[in-house]
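Heavy atoms only: backbone and side chains are in, while hydrogens, waters and symmetry mates are out. Within every chain, numbering begins at 1; the chains are lettered A, B, ... in the order of the sequence lines, protein sequences first and strands thereafter.
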Number of protein chains: 2
Amino acid sequence: MGETGRLRLSEAAEQLQGIQEVADSLGITTRTLRFYEDRGLIEPRRVGTQRIYSKRETARMQLILRGKRLGFSLRDIQEFLDLYDADPQHLEQMRALAGRCRERIEELEAQKAALEQTVKELATIEREALARVKGTEKS
Amino acid sequence: MGETGRLRLSEAAEQLQGIQEVADSLGITTRTLRFYEDRGLIEPRRVGTQRIYSKRETARMQLILRGKRLGFSLRDIQEFLDLYDADPQHLEQMRALAGRCRERIEELEAQKAALEQTVKELATIEREALARVKGTEKS
DNA sequence: TTAGCCCTTGACGTATGCGTCAGGTAACGC
DNA sequence: GCGTTACCTGACGCATACGTCAAGGGCTAA
């Protein structure tokens, strides 16, 4: 017994993990976990100097990572989490988050529209280029 | 006469502009123009040490800025331009560019989908939160 | 000639998000 | 006690995309 071999976490140890385990299970590095802690995004407890991650922290980490996947900066994410903590009912936090999401969606849609426009232009230019090529070959 | 007051560009001066004019007309800073030159994206001619931007350069700059708006990195843009220069017929360049555009579009669509999913989740959570609030008020 | 303006080239500063040592501690097995 | 392992805290490095001096050159007007 002793999955980790470290941190003899007497019982209920399933909930409490060391940094390496958490990093592995999240698919990130320990550096990232420490970095986020430095930025105040998470606050794992300590046993001496060692970090102990509870479910709360790993859940927060999943939120953070999702935020990142969605293209938010750590600063943005930090604001969400601050609201989340400051607002036990999560109402303001929900509204703010929903608002930011809509903004992001609009940004993405604008970019997508611009890209699609560009793709159309490219198609046109490509056709013209091909036409020129054929013309050139004949000459 | 003498729009610019600098660079007495005898005639046909409308085509040739100084760095500040170009920056102003593109809505960027001179620093940016010099930076892009440093990165090999543009190569304005010189009159002595001063940079002279022809239509070719300003046209390139517009391409570059569009690329940026579309979310490409300067490195990506540089590749496009290199291809553009290396391929007078622009055929390979067209294909490559079109491909990259499609990739970007897919990225954006994936992000958009993820965001929309999140928005849905948020809406659900918000509803539940509201319900809890009401329940709390009653109790 | 001198002031004033625009231009030039370094080169360091900034924000973001970590990677990558370096140097040190604590607990384990033998 | 010793070696190994996992952990810790700095702290510098890196890429991106410029901002921001600093120091100097050249041209024009007065």
In whole Å, I'd like the distance from the CD atom of A:Q17 to the C1' atom of D:dC7.
16 Å

In whole angstroms, the gap separating P of D:dA11 from CZ of A:R34 amounts to 16 Å

On the nucleotide C:dT8, are OP1 or OP2 found under 4.0 Å from the side-chain N or O atoms that B:R51 carries?
yes

So does A:T32 get a side-chain nitrogen or oxygen closer than 4.0 Å to the phosphate oxygens (OP1/OP2) of C:dG19?
yes

Can we say B:R34 and B:E37 salt-bridge, meaning some charged N sits less than 4.0 Å from an Asp/Glu carboxylate O?
no

Just how far, in rounded Å, is P of D:dT20 from CG of B:L33?
16 Å

Shared ILVMFWY cluster between B:L74 and B:I28, side chains joined below 4.5 angstrom?
yes

Provide, to the nearest angstrom, the distance between the CD atom belonging to B:Q50 and the P atom belonging to D:dG26.
11 Å

Salt-bridge test for A:E107 and A:R104: reply yes if a basic N is under 4.0 Å from a carboxylate O, no otherwise.
yes

Atom CD1 of B:I19 and atom C1' of C:dT9: how far apart are they, to the nearest Å?
12 Å

Look at B:R66 together with A:E121 and state whether they make a salt bridge at an N to O cut-off of under 4.0 Å.
yes

Expressed as a whole number of angstroms, how long is the span from B:Q20:CD to D:dG26:C1'?
17 Å

Between C1' of C:dT8 and CZ of B:R46, the distance in whole Å:
8 Å

How close or far is atom C1' of C:dC18 from atom CD1 of A:I77, stated in whole angstroms?
14 Å

How many angstroms lie between atom CZ of A:R102 and atom CD of B:E116, to the nearest 0.5 angstrom?
10.5 Å

Examine D:dG19: is either OP1 or OP2 under 4.0 Å from a nitrogen or oxygen in the side chain of B:T29? Give yes or no.
yes

So if you build clusters from Ile, Leu, Val, Met, Phe, Trp, Tyr with side-chain heavy-atom gaps below 4.5 Å, do A:I42 and A:Y84 land together?
no

In the single-linkage hydrophobic clustering (I, L, V, M, F, W, Y; side-chain heavy atoms under 4.5 Å), do A:F80 and B:I125 co-cluster?
yes

Along nucleotides 12-17 of chain D, 5' to 3', which nucleotides get a B, which get an S, and which get a -, given that the test is a protein heavy-atom distance under 4.0 Å?
----SB

